[in-house]
Amino acid sequence: MKPLLVLLALGVLLGCEFGGKDREAARTLLAQHGCGTCHVIPDTPGANGRTGPPLTAMARQAYVAGVLPNTREALARFIADPQAVDPRSAMPDVGITPDEARLLADYLYAVGSGS
Ligand code: HEC
């Protein structure tokens with residue numbers, strides 16, 4: 001197969017991994033909590049805010065918020081309680097649960113491959 005085809009096939013596979021209900025649930029949470037008013041988030045309707053950094057490459061970044069090595073748990077922890085991670089963070093605590101934060105972390109990894 002040509003490299004482009006391999007890439008396309010991979011994209012389809014990764015897309016399926018996080019699809020359907022989870023993706024819809026994540027998008028609903030993002031909309032409810034206004035994440036997209038502050039962040040550009042790929043594949044997410046209406047998420048084009050510029051107050052915070054664009055979340056376009058979360059799957060490839062070395063750090064979360066510049067302070068935590070980028071793992072699923074770290075990303076979820078920051079989303080659920082930014083000030084617990086960095087007291088000076090300008091990101092507000094939007095009041096979501098740890099489970100919801102994990103779902104959003106998975107979503108951000110799925111859409112944020114950084115192309
Ligand atoms: C009022 C604006 C605002 C809202 C609403 C907001 N954020 Fe943020 N966010 C920020 C700012 C500002 C930063 C940068 C601060 C920092 O890195 O500590 C940030 C940082 C982040 C980061 C780290 C980015 C990186 O490059 O490491 C993630 C992930 C993130 N936000 C996700 C979310 C999610 C998910 C939501 C909704 C639950 C959300 N944000 C809601 C302003 C916001």
Side-chain angles (χ1 to χ4, degrees):
M1 268 205 279
K2 296 220 170 75
L4 186 62
L5 286 179
V6 174
L7 272 181
L8 279 176
L10 253 181
V12 170
L13 276 176
L14 287 174
C16 292
E17 215 173 83
F18 193 82
K21 271 204 209 138
D22 282 350
R23 190 176 55 195
E24 288 318 308
R27 283 183 179 166
T28 303
L29 280 172
L30 292 169
Q32 273 170 356
H33 295 285
C35 312
T37 64
C38 285
H39 294 285
V40 170
I41 308 172
D43 254 345
T44 307
N48 53 16
R50 294 282 173 185
T51 303
L55 307 180
T56 47
M58 285 315 302
R60 292 207 324 213
Q61 279 183 212
Y63 292 98
V64 174
V67 290
L68 289 177
N70 186 0
T71 64
R72 178 177 186 253
E73 274 310 304
L75 180 54
R77 192 144 72 87
F78 177 78
I79 293 171
D81 191 352
Q83 280 69 42
V85 170
D86 177 0
R88 299 183 59 209
S89 178
M91 159 109 169
D93 180 347
V94 298
I96 65 177
T97 69
D99 276 348
E100 290 171 336
R102 279 185 210 104
L103 179 71
L104 293 185
D106 289 342
Y107 180 86
L108 293 176
Y109 284 144
V111 299
S113 55
S115 50

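Being a predicted model, the structure only gives us computed values, none of them experimental. Remember, it's 1-based here, ligands and their atoms both numbered in the order they're listed.
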Novice: Can you tell me which residue and heavy atom of the protein come closest to atom 32 (C) of ligand 1, and the distance to 0.1 Å?
Specialist: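 Scanning the protein heavy atoms, the shortest distance from atom 32 (C) of ligand 1 goes to L55 CD1, 3.6 Å.
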
Novice: Scan V111, I41, T44 and name whichever one has a side-chain contact (heavy atoms from CB on, under 4.5 Å) with L55.
Specialist: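 Single side-chain contact (heavy atoms from CB on, under 4.5 Å) partner of L55 among V111, I41, T44: I41.
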
Novice: With a cut-off of 4.0 Å, which atoms of ligand 1 are near a heavy atom of Q61?
Specialist: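 Counting atoms of ligand 1 from 1, those under 4.0 Å from Q61 are 25 (C), 26 (O), 27 (O).
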
Novice: What is the closest protein heavy atom to atom 22 (C) of ligand 1, and at what distance does it sit?
Specialist: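 In this structure, atom 22 (C) of ligand 1 has F78 CE2, 3.4 Å as its nearest protein heavy atom.
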
Novice: Check for me, please, whether V94 and V40 land in the same ILVMFWY cluster - side-chain distances under 4.5 Å, paths through other members count.
Specialist: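 No, it is not one cluster - the side chains of V94 and V40 are not joined through contacts under 4.5 Å.
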
Novice: How far is atom 18 (O) of ligand 1 from the closest protein heavy atom, and which atom is that?
Specialist: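 That would be S89 OG, 2.6 Å.
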
Novice: May I ask you to test the R72-L75 pair for a side-chain heavy-atom distance under 4.5 Å?
Specialist: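 When only atoms from C-beta onward are counted, L75 and R72 do not touch, as no gap falls below 4.5 Å.
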
Novice: Taking all non-hydrogen atoms of both residues into account, name the closest pair between H33 and G95 and its distance.
Specialist: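 So the minimum-distance heavy-atom pair works out to CE1-O, 4.4 Å.
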
Novice: If you count the atoms of ligand 1 from 1 in the order shown, which ones are under 4.0 Å from a heavy atom of G34?
Specialist: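 Under 4.0 Å from G34, ligand 1 has these atoms: 5 (C).
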
Novice: Which atoms of ligand 1 have any heavy atom of V64 under 4.0 Å away?
Specialist: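 Ligand 1 atoms under the 4.0 Å threshold to V64: 27 (O).
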
Novice: V64 versus V85: any side-chain heavy-atom pair under 4.5 Å?
Specialist: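 Answer no - side chains too far apart.
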
Novice: State the CE-CD1 distance between M91 and I79, to the nearest 0.5 angstrom.
Specialist: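 Those atoms lie 6.5 Å apart.
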
Novice: Is the shortest distance from a heavy atom of P82 to ligand 1 less than 4.0 Å?
Specialist: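 Judged by the 4.0 Å heavy-atom criterion, P82 does not count as contacting ligand 1.
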
Novice: Where is the nearest protein heavy atom to atom 36 (C) of ligand 1: which residue, which atom, and how far?
Specialist: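 For atom 36 (C) of ligand 1, the nearest protein heavy atom is C35 SG, 2.8 Å.
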
Novice: Students should be able to answer this: which protein heavy-atom is nearest to atom 27 (O) of ligand 1, and at what distance?
Specialist: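 Residue, atom and distance for the closest contact: A65 N, 2.6 Å.
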
Novice: Counting non-hydrogen protein atoms only, what is the nearest one to atom 33 (C) of ligand 1? Give residue, atom name and distance.
Specialist: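 Checked against all protein heavy atoms, atom 33 (C) of ligand 1 sits closest to M91 CE, 3.2 Å.
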
Novice: Please name the atom of H39, restricted to N, O or S, that is closest to atom 8 (Fe) of ligand 1.
Specialist: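 Nearest to atom 8 (Fe) of ligand 1 within H39's N, O and S set: NE2.
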
Novice: Which residue holds the protein heavy atom closest to atom 13 (C) of ligand 1, what is that atom called, and what is the gap in Å?
Specialist: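 Nearest neighbour among protein heavy atoms for atom 13 (C) of ligand 1, to 0.1 Å: P53 CD, 3.4 Å.
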
Novice: Going by the order shown, which atoms of ligand 1 are within less than 4.0 Å of some heavy atom of V94?
Specialist: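 Counting from 1, the qualifying ligand atoms are 38 (C).
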
Novice: Which heavy atom in A105 sits nearest to a heavy atom in A76, and how many Å separate them?
Specialist: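 A105 and A76 have their closest heavy atoms at CB-N, 4.2 Å.
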
Novice: Run the numbers for me: atoms of ligand 1, each under 4.0 Å from some heavy atom of L75, listed by number.
Specialist: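 Atoms satisfying the 4.0 Å criterion: 29 (C).
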
Novice: Between the side chains of E24 and K21, is the shortest nitrogen-to-carboxylate-oxygen separation below 4.0 Å, so that they form an ion pair?
Specialist: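 Not counted as a salt bridge, because no side-chain N and carboxylate O are separated by less than 4.0 Å.
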
Novice: Test L104 against L30 for side-chain contact (heavy atoms from CB on, under 4.5 Å), laying out the working first.
Specialist: CA-CA 8 Å; L104 293 185; L30 292 169; 3.8 Å; yes

Novice: Run the numbers for me: atoms of ligand 1, each under 4.0 Å from some heavy atom of G52, listed by number.
Specialist: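 Contacts of ligand 1 toward G52, numbered from 1: 10 (C), 11 (C), 12 (C).
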
Novice: Looking only at protein heavy atoms, which one is nearest to atom 3 (C) of ligand 1, and how far off is it?
Specialist: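 Protein heavy atom with the smallest distance to atom 3 (C) of ligand 1: C38 SG, 2.6 Å.
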
Novice: Within the 4.5 Å heavy-atom criterion, are Y107 and L29 side-chain neighbours or not?
Specialist: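 Sidechains of L29 and Y107: no contact.
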
